[in-house]
Amino acid sequence: MSSPYPSQPFADWDGTPAAARALQQTLAAQVRLVDDFPPLRLIAGVDVGFEEQGQITRAAVVLLDAQTLEVVAQSLTRIPTSMPYIPGLLSFRELPAVLQALQALPAVPDLIFSDGHGIAHPRRLGIAAHLGVVTGLPTIGVAKKILTGEHEELGEARGAQVPLRDRKTGEVLGTVLRSKERVRPLIVSPGNRVSLASAPRLVMQYVTRYRLPEPTRLADRLASRRDEKAAAARLRR
DNA sequence: GCGACAG
DNA sequence: ATCTTGTCGC
C-alpha cells in the first residue's frame with residue numbers, strides 16, 4: 001500500500017486562526033464514527049514535546065505489536081515551531097511534525113492513539129480527529145484534561161466511565177475514563193474510523209500499570225525526553 | 001460582557 | 001508544553 005500521509009495537513013490554509021477554524025468545520029464533516037479497522041497487528045502512539053523554549057517542535061511516534069505490546073519501531077522528528085499554542089487549534093501547531101514522524105516509520109499502523117482530543121472539541125476536530133481525517137487512518141484521542149464538555153460524577157474503580165457531553169446539546173463527545181484507581185480520569189474520544197463505544201474499550205485494552213495506555217505513554221516519554229531529563233538531573237546531584 | 005481554554 | 005526537589009501515599 002502507498003503512503004497514506006499527506007505532505008502537509010492543511011490544504012489551502014492562509015495561516016490565520018479564522019481560516020483554521022473554518023477548515024476544521026470542513027474536515028470535521030469527514031470524520032466517521034464507525035468501527036472500521038482490521039484485526040489489530042500494529043498500533044502506534046504519538047505525542048509532541050518542545051525544545052529551546054518552544055522554538056523547536058519535537059514529535060515522537062512509537063509503533064507497537066498490538067498483541068505483545070513490544071516496541072517494533074520508534075520515530076522522532078524535530079522541526080521549527082511555526083505557530084503558538086491556541087486552545088482549539090492544537091493540531092495546526094503539532095501535526096506537521098507528527099506527519100513527518102509517521103512517514104518515517106517502517107510500516108503503517110492499523111490504529112493510532114494520539115495525545116489530545118478526537119471529536120471532544122469545540123468544532124469536533126481535535127488533533128486526533130484531524131490526524132485521522134488527513135491520513136484516512138483509524139485514530140483515538142487520549143487527553144488528560146477536558147477542553148469542552150461536561151459529565152456526571154465518575155466511579156472510583158478501574159475502568160469506571162461516564163459519557164462526556166456537549167453542555168448545550170447533550171451530544172456525546174467522548175468518555176471520561178478511570179484507567180487506574182486513584183488517578184485523574186482520561187478523556188477519551190474517537191478520532192476517526194472508531195466508534196464512541198469502542199474508543200474507551202480499546203484504550204483499556206492497552207493500559208497496563210500506568211494511567212496512560214502504552215502507545216501514548218511511550219510516545220510521551222520520547223517526546224518529552226523523560227529519560228534524558230531524569231538522567232541529567234541525577235548526574236547533577 | 002465574562003469565563004474557559006487539549007498541549 | 002516547559003521550568004524544577006523533595007515529598008507524601010499507595
### Message
If I take atom CG in residue A:Leu90 and atom P in nucleotide C:dA1, what distance separates them, rounded to the nearest angstrom?
### Response
10 Å
#### Entry: Nearest-neighbour nucleotide for the A:Arg226 side chain, C:dA1, B:dA6, C:dC3 considered
C:dA1
### Query
Are A:Val176 and A:Val188 connected, step by step, through hydrophobic side chains (Ile, Leu, Val, Met, Phe, Trp, Tyr) whose heavy atoms are closer than 4.5 Å?
no
### Task
State, without any angle test, whether A:Asp115 and A:Thr216 hold a side-chain donor-acceptor pair at a distance under 3.5 Å.
no
### Message
Strictly distance-based, threshold 3.5 Å: is any side-chain N or O of A:Arg211 a donor or acceptor partner for the main-chain N or O of A:Arg184?
### Response
yes
### Task
Specify the separation, in whole Å, of atom CZ of A:Arg184 and atom P of B:dA6.
12 Å
#### Entry: 4.5 Å side-chain heavy-atom contact, A:His121 and A:Gln24
yes
### Task
Starting from P on C:dA1, measure out to CZ on A:Arg58 and report it in whole angstrom.
14 Å
### Query
Which ranges of DNA chain B pair up as stems, where a stem means three or more consecutive Watson-Crick or G-U pairs with both distances under 3.5 Å?
none
### Query
To the side chain of A:Arg182, which of C:dC10, B:dG7, C:dC3 is closest?
C:dC10
#### Entry: Option among A:Thr139, A:Ile43, A:Leu42, A:Leu137 that satisfies the side chain to side chain contact (heavy atoms under 4.5 Å, CB included) test with A:Leu111
A:Ile43
### Query
Which nucleotide sits closest to the side chain of A:Phe50: C:dT2, B:dA6, C:dC10?
C:dT2
### Query
Any sub-3.5 Å donor-acceptor pair from A:Arg123's side-chain atoms to A:Gln25's backbone N or O?
no
### Backbone of A:Ile127 reached by a side-chain donor or acceptor of A:Ser91 within 3.5 Å
no
### Query
Using Watson-Crick and G-U wobble pairs whose two distances are both under 3.5 Å, how do you write the pairing of DNA chain C as dot-bracket, with | for links to another strand?
..........
### Message
Rounding to an integer number of Å, can you tell me how far A:Arg123 CZ sits from B:dA4 P?
### Response
19 Å
#### Entry: Rounded distance (Å) that lies between atom P of B:dA6 and atom NZ of A:Lys144
11 Å
### Query
Does A:Tyr206 share a hydrophobic cluster with A:Leu186, counting links as ILVMFWY side-chain heavy atoms below 4.5 Å and allowing steps through other members?
yes
### Message
Quick check on C:dT2: is either OP1 or OP2 less than 4.0 Å from any side-chain nitrogen or oxygen of A:Ser224?
### Response
yes
### Message
Just to be sure I understand the rule, does A:Gly49 reach a base, reach only the sugar-phosphate, or reach nothing, if contact means heavy atoms closer than 4.0 Å?
### Response
sugar-phosphate
## Note on the structure
Of A:Glu52, A:Gln100, A:Glu51, the one forming a side chain to side chain donor-acceptor pair (under 3.5 Å) with A:Arg78 is A:Glu51
### Message
I'd like to know if the side chain of A:Arg221 and the backbone of A:Arg226 have a donor-acceptor N/O pair within less than 3.5 Å.
### Response
no
### Query
What's the CG-C1' distance between A:Leu164 and B:dA6, to the nearest Å?
12 Å
### Query
Base, sugar-phosphate, or nothing for A:Leu186, non-hydrogen atoms under 4.0 angstrom?
nothing
### Message
Categorize A:Ile146 for me: base, sugar-phosphate, or nothing, with a 4.0 angstrom heavy-atom threshold over every strand shown.
### Response
sugar-phosphate
### Value in whole Å for how far the C1' atom of B:dG7 lies from CD1 of A:Ile187
14 Å
#### Entry: Atom-to-atom span, CG of A:Asp220 to P of C:dA1 - whole angstrom
6 Å
### Message
Would A:Tyr85 count as stacking on B:dG7 if stacking means ring centres less than 5.5 angstrom apart and planes tilted under 30 degrees?
### Response
yes
### Query
Between B:dA6, C:dC3, B:dG7, which nucleotide gets closest to the side-chain atoms of A:Leu147?
B:dA6
### Message
Over all strands shown, is A:Gly141 touching base, sugar-phosphate only, or nothing at heavy-atom distances under 4.0 angstrom?
### Response
nothing
